[in-house]
Trainee: 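I am attaching a structure below and will ask some questions about it afterwards.
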Amino acid sequence: MKHKKLNQNFFARPTLQVARELLGKFLVRKIGQRQIAAMITETEAYRGPNDLASHASHGPAWPAGRRTPRTEVMFGPPGHAYIYLIYGMYHCLNIATEKEGYPAAVLIRGASLFPKTYNLTPTLNGPGKLCRFLKIDKMLNGDNLTISPRLWLEDRGNKIRPNQIKRTKRIGVDYAGPYKDKLWRFMIK
DNA sequence: CGCGGGATTGACT
DNA sequence: GTCAATCCCGCGT
């Protein structure tokens with residue numbers, strides 16, 4: 001099976017489409033000589049300056065969005081890593097999408113490790129656990145994942161059919177008003 | 001400069 | 001189901 005690295009064109013598209021198509025793709029992390037590959041099984045889209053669930057939103061009164069040092073990567077070019085610390089102890093990995101200047105990203109919420117060795121293989125179900133296992137932290141914030149030697153994404157040729165995908169509301173965004181019920185979470189059934 | 005809160009997780013009742 | 005750990009960020013003063 002081919003291992004094709006995802007390029008900037010992949011991420012420079014509508015965020016919901018990128019979130020859906022990232023399912024089944026492989027997240028690859030290189031630490032020293034060691035390389036870990038995990039198949040993405042769950043994602044969420046955070047899209048645009050009006051998405052009240054997004055760090056980059058500031059409500060209708062700030063049409064351009066909340067552009068701060070933290071959210072800068074979301075406004076930047078597609079394919080770059082937006083990594084932030086949550087609750088003082090967990091990191092979350094996102095990948096910036098759409099065109100530069102438009103704040104959007106896909107949160108990687110879950111993945112399966114390959115190869116699975118017996119039942120010792122931990123389940124990376126949850127963005128915090130995923131980052132902890134793959135040693136993803138703010139050192140990698142802002143990295144261009146289409147050229148980074150430390151973290152990138154691959155298409156390994158496996159296809160996820162639409163009827164294998166479940167679509168739900170996003171997790172933990174009850175504060176987001178009308179945006180809390182958007183079906184912007186995608187997972188492999 | 002102080003304060004409130006979080007795109008989570010795991011332990012516990 | 002409830003709750004706390006733990007610290008950075010954004011904003012108001």
Side-chain angles (χ1 to χ4, degrees), chain A residues 11 13-23 25 27 29 36 38-76 78-98 102-113 119-143 145 151 153 165-188:
Chain A
F11 299 104
R13 299 179 297 154
T15 307
L16 296 186
Q17 189 179 351
V18 175
R20 206 163 42 230
E21 291 189 22
L22 275 174
L23 294 178
K25 300 297 190 294
L27 181 66
R29 173 78 167 111
I36 306 172
M39 191 188 77
I40 295 170
T41 57
E42 181 182 342
T43 61
E44 276 178 2
Y46 289 84
R47 200 203 65 177
N50 297 319
D51 177 3
L52 294 175
S54 170
H55 295 160
S57 81
H58 208 306
W62 286 263
R66 181 192 297 184
R67 190 168 188 156
T68 69
R70 179 170 72 144
T71 64
E72 181 60 29
V73 183
M74 287 186 78
F75 288 82
H80 290 230
Y82 169 45
I83 299 163
Y84 62 89
L85 181 67
I86 187 68
Y87 296 108
M89 58 187 100
Y90 298 104
H91 293 272
C92 291
L93 168 67
N94 304 251
I95 306 162
T97 57
E98 311 219 18
Y102 184 81
V106 173
L107 170 66
I108 308 300
R109 286 193 58 92
S112 292
L113 291 166
N119 57 1
L120 311 171
T121 312
T123 308
L124 305 185
N125 58 337
K129 284 189 276 187
L130 186 148
C131 284
R132 188 179 55 191
F133 184 84
L134 296 176
K135 302 198 189 315
I136 293 169
D137 60 24
K138 291 185 71 179
M139 294 287 296
L140 296 166
N141 187 45
D143 268 22
L145 302 187
L151 184 65
L153 293 110
I165 298 175
K166 184 179 177 184
R167 188 173 173 171
T168 76
K169 297 176 185 177
R170 293 174 292 181
I171 301 297
V173 295
D174 286 346
Y175 55 82
Y179 283 82
K180 75 180 172 64
D181 295 325
K182 299 285 187 187
L183 301 177
W184 289 357
R185 177 181 183 223
F186 301 90
M187 48 203 305
I188 297 177

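Chain naming here is simple, since letters A, B, ... match the order of the sequence lines and numbering starts at 1 in each.
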Trainee: In plain terms, say whether Glu44(A) and Arg170(A) are close enough for a salt bridge, that is, a side-chain N and a carboxylate O under 4.0 Å apart.
Mentor: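 Result for this pair is no, no salt bridge flagged.
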
Trainee: Reading DNA chain C from 5' onward, which residue's closest nucleotide shows up sooner: Met89(A) or Arg66(A)?
Mentor: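 Mapping each residue to its closest nucleotide by heavy atoms, the 5'-most match is Met89(A).
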
Trainee: Leu124(A) has an atom CG; how far is it from atom P of dT8(B), in whole Å?
Mentor: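 The distance from CG of Leu124(A) to P of dT8(B) comes to 16 Å, rounded to the nearest Å.
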
Trainee: Grab the CE-P distance between Met74(A) and dA7(B) for me, whole Å please.
Mentor: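 Taking atom P of dA7(B) as the reference, CE of Met74(A) is at 11 Å.
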
Trainee: Kindly compute the distance separating CD1 (Ile95(A)) from CG (Leu151(A)), expressed to the nearest 0.5 Å.
Mentor: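 One gets 7.5 Å once the value is rounded to the nearest 0.5 Å.
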
Trainee: To the nearest Å, how far apart are Ile83(A) CD1 and dC9(C) C1'?
Mentor: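 The distance from CD1 of Ile83(A) to C1' of dC9(C) comes to 17 Å, rounded to the nearest Å.
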
Trainee: Among dC11(C), dG10(B), dA7(B), find the nucleotide with the atom closest to the side chain of Tyr46(A).
Mentor: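 Shortest atom-to-atom distance from the side chain points to dA7(B).
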
Trainee: With rounding to whole Å, what would you report as the distance between dG5(B) and dC3(C) at their C1' atoms?
Mentor: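 That atom pair is separated by 16 Å.
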
Trainee: Provide the Watson-Crick or G-U wobble partner of dT8(B), both distances under 3.5 Å; none if there is no partner.
Mentor: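 Paired with dT8(B), as far as the under-3.5 Å criterion goes, is dA5(C).
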
Trainee: Is the shortest side-chain heavy-atom distance between Tyr46(A) and Val173(A) below 4.5 Å?
Mentor: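 Of all side-chain heavy-atom pairs linking Val173(A) with Tyr46(A), at least one is under 4.5 Å.
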
Trainee: Could you tell me the separation between the NE2 atom of His91(A) and the C1' atom of dC8(C), rounded to a whole number of Å?
Mentor: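 Distance, rounded to whole Å: 10 Å.
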
Trainee: Does the pair Arg67(A)/Glu72(A) count as a salt bridge with the N-to-O cut at 4.0 Å?
Mentor: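 Salt bridge present between Arg67(A) and Glu72(A).
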
Trainee: Select from Pro69(A) and Gly88(A) the residue whose nearest nucleotide in DNA chain C is closer to the 5' end of that strand.
Mentor: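 Comparing both residues, the 5'-ward one is Gly88(A).
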
Trainee: Does any nucleotide pair with dG2(B) by Watson-Crick or G-U wobble geometry, both distances under 3.5 Å, and what is it?
Mentor: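 The base-pairing partner of dG2(B), which may sit in any strand shown, is dC11(C).
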
Trainee: Whole Å only: how far is the CZ atom of Arg70(A) from the C1' atom of dC8(C)?
Mentor: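 Roughly 8 Å, once rounded to whole Å.
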
Trainee: Check whether any side-chain nitrogen or oxygen of Arg109(A) sits under 4.0 Å from OP1 or OP2 of dT8(B), and answer yes or no.
Mentor: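 Yes, such a contact exists.
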
Trainee: Nearest whole angstrom, please: distance from the P of dC8(C) to the OH of Tyr90(A).
Mentor: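 One finds 16 Å between P of dC8(C) and OH of Tyr90(A), rounded.
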
Trainee: Below 3.5 Å, does any donor atom in the side chain of Tyr87(A) face an acceptor in the base of dA4(C), or the other way round?
Mentor: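 Side chain to base: no pair below 3.5 Å.
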
Trainee: Is the phosphate of dC11(C) approached by His58(A) (side-chain N or O, under 4.0 Å from OP1 or OP2)?
Mentor: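 Yes, within the criterion.
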
Trainee: I need the CG-P distance between Leu130(A) and dT9(B), as an integer number of Å.
Mentor: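 So the CG-P distance, Leu130(A) to dT9(B), works out to 9 Å.
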
Trainee: Is Tyr82(A) near enough to dA7(B) that one of its side-chain N or O atoms lies under 4.0 angstrom from OP1 or OP2?
Mentor: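 So the side chain of Tyr82(A) is outside the cut-off, no N or O lying under 4.0 Å from OP1 or OP2 of dA7(B).
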
Trainee: Could you work out which one of dT8(B), dC8(C), dG10(B) sits closest to the side chain of Leu85(A)?
Mentor: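 From the listed options, dC8(C) comes nearest.
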
Trainee: Using a cut-off of strictly less than 4.0 Å, decide whether Lys138(A) has a side-chain nitrogen or oxygen near OP1 or OP2 of dC9(C).
Mentor: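 Yes, because at least one side-chain N or O of Lys138(A) sits under 4.0 Å from OP1 or OP2 of dC9(C).
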
Trainee: When you check the phosphate oxygens OP1 and OP2 of dA7(B), does a side-chain N or O of His55(A) lie under 4.0 Å from one of them?
Mentor: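 The answer is yes; a side-chain N or O of His55(A) sits under 4.0 Å from OP1 or OP2.
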
Trainee: Give a yes/no on whether any side-chain N or O of Arg132(A) is located under 4.0 angstrom from OP1 or OP2 of dT8(B).
Mentor: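 For dT8(B), neither OP1 nor OP2 has a side-chain N or O of Arg132(A) closer than 4.0 Å.
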
Trainee: Write down the distance between CD1 (Ile86(A)) and P (dG10(B)), rounded to a whole number of angstrom.
Mentor: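 In whole Å, dG10(B) P and Ile86(A) CD1 are 15 Å from each other.
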
Trainee: Rounded to the nearest 0.5 Å, what's the gap from SG on Cys131(A) to CG on Leu124(A)? Could you check?
Mentor: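 It is 9.5 Å, given to the nearest 0.5 Å.
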
Trainee: So, taking the atom named OG1 in Thr41(A) and the one named CG in Leu22(A), what distance separates them when rounded to the nearest 0.5 Å?
Mentor: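 Taking OG1 in Thr41(A) and CG in Leu22(A), the distance rounds to 11.5 Å.
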
